[in-house]
2 protein chains.
Amino acid sequence: MRDVAELAERVAAGERRALARAITLVESRRADHRAAAEALLTALPVPEAVLRVGLSGTPGVGKSTFVESLGLMLTEAGERVAVLAVDPSSARSGGSILGDKTRMERLSRAPGAFIRPSPAVGRLGGVARRTREAAALCAAAGYGTVLIETVGVGQSEVEVGWMVDVFLLLLAPAGGDELQGVKRGIMEIADLVLVNKADGPLAPQAQRTCADYAGALRLLRKRPDDPEGFPKALTVSALEARGLAEAWDEVRRLVAWRRAKGWLASRRAEQARHWFREEVRQAIEDRLAGDDAHADRLTALEAAVAAGELPAARAAAQAVAPLFGD
Amino acid sequence: MRDVAELAERVAAGERRALARAITLVESRRADHRAAAEALLTALPVPEAVLRVGLSGTPGVGKSTFVESLGLMLTEAGERVAVLAVDPSSARSGGSILGDKTRMERLSRAPGAFIRPSPAVGRLGGVARRTREAAALCAAAGYGTVLIETVGVGQSEVEVGWMVDVFLLLLAPAGGDELQGVKRGIMEIADLVLVNKADGPLAPQAQRTCADYAGALRLLRKRPDDPEGFPKALTVSALEARGLAEAWDEVRRLVAWRRAKGWLASRRAEQARHWFREEVRQAIEDRLAGDDAHADRLTALEAAVAAGELPAARAAAQAVAPLFGD
């Protein structure tokens with residue numbers, strides 16, 4: 001564990017290569033790596049001051065351009081920004097959101113920026129743990145802003161909602177009848193809806209879309225951790241870097257309010273409890289998967305149930321009893 | 001257990017009151033009732049010849065009228081039909097689908113019919129087990145057709161899909177743009193789409209809706225257990241009892257084909273395995289919920305995680321280790 005202590009020190013000192021190595025460690029499935037990763041995370045508490053921001057948007061809304069423009073704005077102002085990507089589909093496609101080398105080229109060269117693509121392996125639960133732990137390491141390495149990007153399809157944005165302080169939904173200008181395309185689950189976790197491409201010929205359409213969403217947001221149930229006027233819809237142009245400063249001011253204002261009212265601390269504590277429960281569920285499943293006697297019992301009982309010889313509930317009781325010493 | 005043996009005998013003899021008592025037993029949460037229910041189910045195997053039919057449709061499509069008309073048609077032909085209702089929302093509303101006394105009044109007086117409303121308690125998992133076990137008891141009591149009705153909102157129809165041989169989706173005549181209203185998950189388990197209210201002024205609209213769905217069904221991926229021409233869309237009028245005989249012929253034809261090809265047996269075996277796995281998961285959760293030492297450990301570790309003192313994964317490993325004697 002001397003290695004872990006040294007790695008922790010170097011991560012805490014903000015060394016990029018140490019951070020990259022630490023993230024590789026939390027991404028590994030090897031048992032010894034996992035033990036080292038947990039020791040590392042225990043040694044590196046997440047600083048309270050970090051701002052964790054989730055960003056979701058379907059392909060084509062301009063997410064990369066937005067992240068690059070926002071990241072450059074922040075790093076040029078002297079801040080340190082980490083960008084993590086969650087792409088559950090990459091497990092199948094073999095690629096990853098940030099795999100394309102041409103993406104965020106300028107931001108990746110900025111000294112205050114750290115960009116990490118999602119590894120192209122694993123089930124969603126695994127992705128959630130790795131992303132959450134990578135975000136914690138980035139925060140411990142002194143990245144004051146950690147941006148977690150999702151593709152906005154499937155379940156990933158809800159999982160990301162459980163690991164950030166603020167959630168941004170990026171949209172493209174669209175007709176009113178396309179409003180339904182945004183899943184209700186995403187609308188409910190969005191703190192700020194940003195209509196991108198408010199530039200050139202699409203500008204008027206972006207304004208209309210923004211007004212449509214502003215109206216839709218007013219129809220949603222008010223959450224206790226929303227200050228007056230939130231959730232809010234704004235237009236931005238990632239391409240021309242317009243509206244970004246205003247949007248970011250809103251993010252800061254929202255987080256400052258939640259921090260002052262105690263909502264930030266209670267939200268983070270609730271998120272930690274959520275992940276703990278998920279980890280317990282997963283740990284039990286993993287343990288049972290490795291129990292040969294249990295696996296043999298399951299196989300035999302499953303066959304009896306499939307053959308109609310035993311009702312499922314009785315067979316399950318018989319399968320589980322030996323686990324608890326009955 | 002002498003009571004159980006006697007009850008099993010009376011259920012097998014087709015006594016309605018015994019069947020009602022047996023279903024009350026599987027619905028109970030008392031430990032001794034559960035043990036008796038499992039003994040009862042073990043003593044009463046499900047006859048292979050039973051036909052288990054799922055029926056889903058949103059409120060207003062005429063589900064009750066359809067079930068009543070279909071049930072009367074079958075019972076008048078000398079068949080015995082059981083109707084079970086699944087209504088997960090009833091836990092909140094305090095009501096139940098069949099709670100309304102005026103519903104299916106004629107069918108409820110038919111000698112060959114057995115109607116059982118969903119009890120207004122419990123979580124969805126519990127509803128699934130109760131419904132599945134009640135259906136098994138109805139089959140054992142000699143009801144050759146067991147109809148399981150759901151309201152078609154939420155997750156319940158997918159659960160019902162896991163406990164029936166054939167799934168019917170009942171729809172009302174609608175405009176083409178309302179096609180999207182049917183959840184993709186339901187379309188994927190439907191074997192027969194029935195457009196109801198094909199009577200009076202709505203008849204032409206029902207025909208158009210039926211054609212729309214026939215087209216949509218052709219776009220869906222062909223399943224291996226579908227004979228040529230299935231899934232299929234038909235029009236019916238539950239009110240005028242028209243189209244029901246034709247629809248039921250299609251159900252019989254489909255099931256006969258699946259039985260002959262071995263799909264019926266393999267589907268039932270797969271369903272049994274599915275429920276066994278669900279029951280194992282639930283049994284483990286129930287056991288752990290009753291383990292005071294485990295509960296105390298969870299509380300302490302959860303507090304440490306919420307306070308940021310321990311990462312979730314490490315805390316989970318500590319929580320789970322004692323369960324496995326580490």
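Lettering of chains follows the sequences in order, A, B, ..., and the numbering in each one begins at 1.
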Interface moiety of [X] toward chain A, non-hydrogen atoms closer than 4.5 Å:
| X | result |
| --- | --- |
| B:E133 | side chain |
| B:E285 | side chain |
| B:A283 | both |
| B:L298 | both |
| B:R268 | neither |

Heavy-atom side-chain contact between B:L288 and A:I284 under 4.5 Å = yes

message = Does any part of the side chain of A:R314, heavy atoms only, come nearer than 4.5 Å to the side chain of B:L41, both counted from C-beta?
response = no

For the residue pair [X] and [Y], what are the closest heavy atoms and their distance?
| X | Y | answer |
| --- | --- | --- |
| A:A312 | B:R132 | CB-NH2, 3.7 Å |
| A:F276 | B:A316 | CE1-N, 3.6 Å |
| B:A272 | A:A306 | CB-CA, 3.8 Å |
| B:A313 | A:E38 | CB-OE2, 3.6 Å |

ring-ring contact (aromatic ring centres under 6.0 Å, His included) involving B:H274 - partner list, sequence neighbours excluded = B:W162

task = For chain B, find which of A:Q318, A:E302, A:E278, A:E309 contributes the most heavy-atom pairs closer than 4.5 angstrom.
result = A:E302

note = Sorted by chain and number, sequence neighbours left out, side-chain hydrogen bond (donor to acceptor under 3.5 Å, both in side chains) with B:S28 holds for B:H33

request  = Anything in residues 135-146 of chain B with a heavy-atom distance to chain A below 4.5 Å? Please list those residues in order.
outcome  = none

task = Under 4.5 Å, heavy atom to heavy atom: which of residues 45-54 of chain B reach chain A? Give them by number, or say none.
result = none

Assess whether atom [atom1] of [X] is packed by more than 12 heavy atoms of other residues, nucleotides or ligands within 6.0 Å.
| X | atom1 | result |
| --- | --- | --- |
| A:E270 | CD | yes |
| B:R273 | CZ | yes |
| B:R259 | CZ | yes |

key: chain A contacts, top residue of B:V320, B:L44, B:D291 (heavy-atom pairs, under 4.5 Å)   = B:V320

